[in-house]
Every structure is written in C-alpha cells, then in structure tokens.
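Structure, as structure tokens:
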Amino acid sequence: MHRNYDELPEEIWELILNQLGNDHEPEFESVSAVNKRMLSLTDRLRLRFTVIDQTYFIHGTISPFLYRFKNLKTLDLSQLRNASVETALCEIARSSVALKLEAVDISNRNSVPVKGLKELALSGRRIKVLKCANVDKLCDVDLVNIARLYPDLEELDVSYSRNKFEIDALRNYSISEIMITDAGIEALSFGLRNLVKINILMNPLLTDKSLFDLSSNCLRLQEIAFLKCIMITMKGVRFMINNSRDLRSVSMCLITTIHGTDSLFVSTVTSGRRLASLHFNESEVSDEFLNSIVEARVPLKSVSLSDSRSYSINGLTRFLHAYCRGMFLDLTKNMMICDSDIVALSQYLRDLVSIKLNYCHRLTSASLFALIDNCTFLEQVEMEHTGLGEEKDLNDVHTKASSIKSLKLGWNSNLTDECLLKIGLVCPNLKQLDVSSCSNITWSIGEILKSCNKIEHLSIQDCGGVKNIGLKVEPLRLKKLHMARSGVNDEGLVGIAVRCNELVKIDLEGCQHVTTSAVKFMVKNCKKLREVNLMGCLNLHVFVVDWMVHTRPSLRKLVPPSYAVTTERQRQLMLRHGCQICDN
C-alpha cells in the first residue's frame with residue numbers, strides 16, 4: 001500500500017536523518033527547508049553548534065539559537081573574537097535551555113575568559129569537556145580556576161599555549177604567572193579527580209612531576225598527550241604507565257633516553273594492561289625497547305613511530321608481527337624502509353586499517369599495491385613525499401580493495417597519469433583523494449572520477465596540468481574540491497558546474513584561466529555552495545562578489561579575487577545576507 005512520507009513516524013525520520021552524521025551538518029540546512037516538520041526535526045537532532053563572528057554581527061545575540069537547538073551538547077566558540085566569547089558564555093549561562101550542554105571549545109584566545117566560565121559554572125551546567133588550546137596567556141592560575149569551577153571535567157585540552165618570552169614580562173612576573181608549570185598541573189590534578197583525557201602538548205616547562213601528580217590523583221586517566229614537553233623523561237612515563245591502570249593512549253616525543261634494556265613497564269604483569277595506543281614522535285627507539293613492549297603483551301592497536309630513529313627493520317618486523325590485528329600504523333619519515341620491507345610486512349598486517357608512510361622516500365607504487373593486495377580491511381593510506389611513480393613496470397593484476405576510502409598521495413612529483421589510473425581501478429569505493437603538487441598529473445583525474453564514482457573530497461592543488469575533471473555529463477558526488485593553482489579553465493569550471501550538483505566547497509585560489517562567465521555559471525548551477533575561494537583569480541570582474549552573494553543564498557564564506565574589491569560597508573552588508581567576506 002502506498003504511504004506518503006509525511007505519515008512516517010518521527011522516530012523513523014530521526015533514524016534517517018542521523019545517517020547524515022556530524023560531518024554533514026550542512027545537509028541539515030537543506031533538509032530543514034523542505035517543510036516545518038523537517039525544520040523541527042533537524043533542529044532537535046543538532047548536537048553541535050559553531051558560533052562565528054557574523055552570528056553576533058547579524059543577530060547581536062545567540063539566544064535564538066539556544067532556544068532553537070534545545071538538545072545541543074557541544075558549543076564551539078573558537079572562531080569568535082575575544083570580547084564575544086565572554087558575551088556568549090554569559091548568554092548560555094542565563095539561558096533556560098541548553099541544559100544538556102557537555103562540551104565547550106574556547107580555543108584561539110588571547111586569554112582565558114574567566115568571567116564567562118565562572119558564570120557558566122554557577123548556572124549549574126555540568127561541563128565534561130573543555131578545550132582551551134592555542135591561548136596566548138595561559139598560566140597556572142587559569143588551571144586553578146578551571147579545576148575549581150568545573151570539578152566534573154572529564155576531558156581538558158590546554159595544548160599549544162602561545163606564551164611569548166618577552167623581557168619585560170619576565171622582569172615583572174614570575175614564570176608561573178605567564179606559563180603553565182608543574183605547580184599548575186598539581187593543582188589541576190587535585191581538583192579534577194574524574195579526569196579521563198588531557199592534552200598538555202607544547203608546554204615546555206612541564207617535568208616528570210606533572211605525570212606523577214596526574215597519575216596519582218586522576219585515577220580514571222585513560223589518555224594523555226605531551227608531545228614537545230622536552231623536560232619529561234622515561235622515569236615519569238614509566239611511573240605513569242605503571243600507576244595509571246586504566247591508561248589506554250599515550251603520545252610523547254623527544255624521549256631521548258630509550259636505549260638498551262630500557263622499558264616502559266615496571267612490571268610485565270601489571271603495567272599497561274589496557275594500553276591500546278602508543279605514539280612516539282621524534283624519539284630514539286631501540287630494537288630492545290620495541291621488544292620489551294612485545295614481551296609485556298600490552299593490547300596495542302595504534303602505533304606511531306613518526307620521525308623516530310635507532311630501531312632496525314628487523315626490530316620493526318618483529319614488533320609488528322606481534323601486533324598485526326586492527327592496527328593504525330604511522331611510520332612517517334622512516335628513511336630506511338623500502339618496498340621489499342613493506343611487501344614483507346603486508347603479508348601479516350592483514351587487519352591493518354590505516355597507515356601513514358609520508359616522507360618515506362624509498363617507497364614506490366610497489367608498496368602501495370602490496371598493501372592494497374594483502375590488507376583486506378585497509379581504509380586509509382597516506383604516502384606523501386615518497387617515490388610513488390618512480391618504477392617503470394607495474395604488475396597489472398591487482399586485487400580490488402573495496403575497503404579503501406581515503407588516499408593521500410600529494411607531493412609525489414614522479415606520479416604519472418598511468419600509475420594513478422591503475423591505483424584508481426583497484427579502489428572503486430574511494431571517497432577521498434589528494435594528489436596535490438603531483439606535477440605530472442593531467443588527464444587521469446577524469447578517468448579516476450569515472451572508476452571511483454563515490455569520491456566526495458578531491459584535492460588537485462598545484463597540479464598545473466589539470467584543466468578539468470573530465471568533460472562527461474555523468475553526475476559526480478563531489479562535495480569538496482580543492483584545486484588552487486591548478487590549470488583549470490572556463491571549460492573545466494563549466495564541466496564542474498554541470499556534473500557537481502552536491503558541491504559545498506570549492507577552492508580556486510590562483511586559477512588564472514577562469515573568467516567571470518564561468519564562475520557565474522558555476523554559482524547558478526551549484527545550489528548547495530557554502531564556501532568559495534577566488535583569491536588571485538585576476539580575470540574576474542569586481543562586481544562578481546556582490547552578484548554571487550545575492551544570487552546564491554547558501555553561501556557562508558567567500559574569499560574575493562582581492563580583498564580590495566570590496567569596501568568595509570559592502571562586507572558588512574553581505575554579512576547581513578549570511579556570507580562572510582574574508583581574505584583567507
């Protein structure tokens with residue numbers, strides 16, 4: 001019996017709309033325009049909301065959005081100006097809705113908005129996740145305030161504190177007043193007993209004492225990252241792994257004392273029983289050290305040895321032979337590994353899910369095809385800055401890898417059209433392809449999109465030989481297209497407009513061969529466009545910016561050919577139409 005879609009119960013519609021996922025929030029906007037019922041459903045299902053400067057410029061408040069999206073759990077304020085963040089936090093605190101709010105991102109600030117955080121805490125909202133990364137003035141007193149105001153925090157990010165060592169500041173203030181020190185982490189650890197995850201990356205004054213305090217006081221700790229904390233040694237790491245029984249993920253670098261019989265584990269029976277992710281960056285890692293991890297029999301599923309040295313291929317082989325199930329592997333900047341090594345490793349890494357081999361200069365297409373042929377569950381491969389395409393003869397018989405979804409192959413100057421086409425033929429379910437700065441690529445992009453018709457994200461930046469993505473009429477699923485400084489011309493851009501009805505974002509920066517007529521044709525046909533970058537497109541008329549904003553209501557961000565083509569008054573007027581004109 002025929003049934004109208006309006007008769008479907010809301011529970012069914014919620015299941016359908018939830019399939020769009022958090023990465024497709026722009027799709028909610030399209031669905032919400034269908035009718036009032038869809039608007040109500042999508043508003044109720046939205047769990048994350050990002051507040052930007054134009055929100056305050058246009059509305060002067062975010063209160064209407066808090067009432068509209070009543071089930072919000074995550075609020076991103078990282079793109080707001082400093083003064084607006086305090087205002088936004090106070091509005092949230094005084095709102096009678098958004099009671100389910102769990103996560104707040106206040107990154108990219110000059111300083112921590114203490115007043116707004118205090119008012120939000122006094123409102124009774126139990127924030128569990130706080131991101132406070134990339135802050136200019138982040139110091140011990142900020143950590144004390146965070147611990148006092150939000151004792152229920154489970155995740156905290158205070159990475160990349162951008163404190164500047166200015167002579168006057170050092171004369172007038174103590175070091176703890178301008179940077180995070182062990183004293184601040186100690187106070188934090190006493191206040192946040194339920195802490196599960198913390199990122200203290202790029203805080204160079206922290207020592208082993210910070211790990212001692214976090215491990216001793218935060219008994220639920222599961223994940224910690226302290227990359228670029230150069231004063232932390234193996235002593236602190238070993239204590240933390242032995243003492244934090246629930247620890248599952250550790251990311252570290254510059255651990256220069258990993259030699260000989262050194263081990264992460266005080267006891268091979270009790271230490272690291274739940275450790276699933278271990279990332280070493282820029283570290284000295286010996287074969288004996290890798291073997292000690294194997295002997296401890298910890299259940300690792302994710303390993304990074306990015307830019308790490310001292311271990312041999314034999315040591316790595318023995319290590320990976322012990323950890324071959326469901327693994328995420330990062331061997332970036334391994335200068336000694338070659339094709340024969342990857343061919344051998346791929347034989348028993350059959351459950352590999354993701355691998356990074358960037359800057360492994362001795363690897364060629366033979367390595368990639370070996371992984372494709374032997375790793376049944378492989379989804380993501382990164383091989384940027386390698387020898388991909390250097391070999392002359394390629395075996396034409398390869399297993400089709402239906403599992404592979406993402407290939408990042410940028411900066412391989414020897415990669416040819418023929419080689420890329422062979423790669424595409426064995427990856428029919430590819431969704432993301434990046435061949436940026438592969439200067440020999442020309443005609444193969446159109447053929448790749450034909451054989452891999454599920455590609456949604458394509459990056460061909462700095463591929464001067466690519467003039468189009470194929471001139472056929474079959475529709476494509478492309479949503480994001482990065483083609484800055486490519487050779488695309490009017491014919492190619494018109495072809496994109498005809499075939500890419502789902503296009504949300506396009507980057508045409510520095511594309512010298514596109515003209516106003518082609519850009520206008522694209523804007524008219526791509527009705528879901530939200531972001532366009534035209535910086536450096538010198539053959540466009542100055543009026544095209546104003547025309548685009550008024551013609552395509554979906555536009556949210558537009559980078560003009562030159563920032564000088566619009567006045568401040570024009571930019572404010574366009575902002576009222578919902579589109580931000582910016583220079584990057």
Side-chain angles (χ1 to χ4, degrees), residues 23 306 327-332 334 337 339 342-343 345-346 349-361 363-391 394-396 398-463 465-466 469-470 476-483 486 507:
D23 189 44
S306 176
M327 176 168 283
F328 295 78
L329 182 61
D330 186 352
L331 297 177
T332 294
N334 186 312
I337 199 166
D339 286 337
I342 295 296
V343 171
L345 288 172
S346 68
L349 289 177
R350 296 188 179 277
D351 293 334
L352 190 69
V353 175
S354 175
I355 188 168
K356 294 182 181 181
L357 298 168
N358 303 320
Y359 293 94
C360 296
H361 298 298
L363 300 185
T364 70
S365 306
S367 293
L368 178 59
F369 284 118
L371 291 168
I372 291 173
D373 288 340
N374 297 319
C375 303
T376 308
F377 301 100
L378 189 61
E379 295 182 2
Q380 299 176 323
V381 180
E382 291 188 21
M383 286 185 65
E384 297 180 342
H385 296 276
T386 67
L388 206 64
E390 287 183 359
E391 67 285 353
L394 287 174
N395 182 5
D396 290 329
H398 296 288
T399 304
K400 283 197 174 185
S402 58
S403 61
I404 290 187
K405 303 295 189 299
S406 174
L407 288 176
K408 294 186 177 181
L409 310 176
W411 290 272
N412 285 295
S413 57
N414 293 305
L415 184 62
T416 62
D417 286 317
E418 291 77 14
C419 182
L420 182 59
L421 185 57
K422 290 179 180 179
I423 294 171
L425 289 174
V426 295
C427 301
N429 293 324
L430 199 61
K431 288 189 175 182
Q432 181 176 356
L433 176 64
D434 187 342
V435 289
S436 298
S437 297
C438 294
S439 54
N440 283 329
I441 297 301
T442 56
W443 54 265
S444 60
I445 295 299
E447 296 301 315
I448 284 285
L449 291 172
K450 181 180 179 181
S451 59
C452 306
N453 57 14
K454 296 180 181 179
I455 290 181
E456 295 181 355
H457 298 180
L458 175 65
S459 183
I460 49 176
Q461 297 182 113
D462 296 295
C463 293
V466 178
I469 59 170
L476 299 173
R477 297 188 185 183
L478 279 178
K479 293 183 178 180
K480 295 182 180 180
L481 180 55
H482 299 270
M483 51 195 319
S486 67
D507 184 357

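Here, residue 1 is the first one in the sequence, and each next residue gets the next number.
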Find the distance between [atom1] ([X]) and [atom2] ([Y]) and round it off to the nearest 0.5 Å.
{"X": "Leu433", "Y": "Ile445", "atom1": "CG", "atom2": "CD1", "answer": "6.0 Å"}
{"X": "Asn412", "Y": "Thr386", "atom1": "CG", "atom2": "OG1", "answer": "3.5 Å"}
{"X": "Asp339", "Y": "Leu368", "atom1": "CG", "atom2": "CG", "answer": "10.0 Å"}
{"X": "Ile372", "Y": "Ser367", "atom1": "CD1", "atom2": "OG", "answer": "11.0 Å"}
{"X": "Phe328", "Y": "Ser354", "atom1": "CZ", "atom2": "OG", "answer": "6.0 Å"}
{"X": "Glu418", "Y": "Ser444", "atom1": "CD", "atom2": "OG", "answer": "8.0 Å"}

Query raised in the report: Should Ser346 and Asp373 be marked as a side chain to side chain contact (heavy atoms under 4.5 Å, CB included) after you check the CA-CA gap, both sets of side-chain angles, and the distance that decides it?
Result: CA-CA 9 Å; Ser346 68; Asp373 288 340; over 6 Å; no
Query - Within residues 400-433 or reaching into it, pairs that qualify as ring pair (Phe, Tyr, Trp, His ring centres under 6.0 Å) - sequence neighbours excluded - result: His385-Trp411
Does some side-chain heavy atom of [Y] sit less than 4.5 Å from a side-chain heavy atom of [X]?
{"X": "Asp417", "Y": "Glu447", "value": "no"}
{"X": "Leu363", "Y": "Leu388", "value": "no"}
{"X": "Leu345", "Y": "Leu352", "value": "no"}
{"X": "Leu357", "Y": "Ile342", "value": "yes"}
{"X": "Ile355", "Y": "Leu349", "value": "no"}

Report task. State whether the side chain of Ser486 and the backbone N or O of Cys463 hold a donor-acceptor pair below 3.5 Å, judged by distance alone. Result -> no
Requested in this report: Please check if the side chain of Ser365 supplies one atom and the backbone of Gly389 the other of a donor-acceptor pair under 3.5 Å.
Outcome: yes
Can you name the closest pair of heavy atoms from [X] and [Y] and give their distance?
{"X": "Glu384", "Y": "Lys408", "value": "CG-O, 3.6 Å"}
{"X": "Leu378", "Y": "Ser403", "value": "O-OG, 2.6 Å"}
{"X": "Ile441", "Y": "Leu415", "value": "CD1-O, 3.6 Å"}
{"X": "Pro428", "Y": "Leu425", "value": "CD-O, 4.5 Å"}
{"X": "Cys452", "Y": "Cys427", "value": "SG-O, 3.1 Å"}

Requested in this report: Step through the shown structure and confirm whether more than 12 heavy atoms of other residues, nucleotides or ligands are within 6.0 Å of NZ on Lys405.
Outcome: yes
Query raised in the report: Under the side chain to side chain contact (heavy atoms under 4.5 Å, CB included) criterion, do Val466 and Val435 qualify, and how do the steps go?
Result: CA-CA 11 Å; Val466 178; Val435 289; over 6 Å; no
**Report entry** Intermediate values then yes/no, side chain to side chain contact (heavy atoms under 4.5 Å, CB included), Asp462 and Ser436
**Finding:** CA-CA 6 Å; Asp462 296 295; Ser436 298; 5.6 Å; no
**Report entry** For Ile423, the option from Ile448, Leu409, Leu430, Val381 that meets side chain to side chain contact (heavy atoms under 4.5 Å, CB included)
**Finding:** Leu409
Requested in this report: Apply side chain to side chain contact (heavy atoms under 4.5 Å, CB included) to Asp330 and Asn358, showing your working.
Outcome: CA-CA 9 Å; Asp330 186 352; Asn358 303 320; 5.9 Å; no
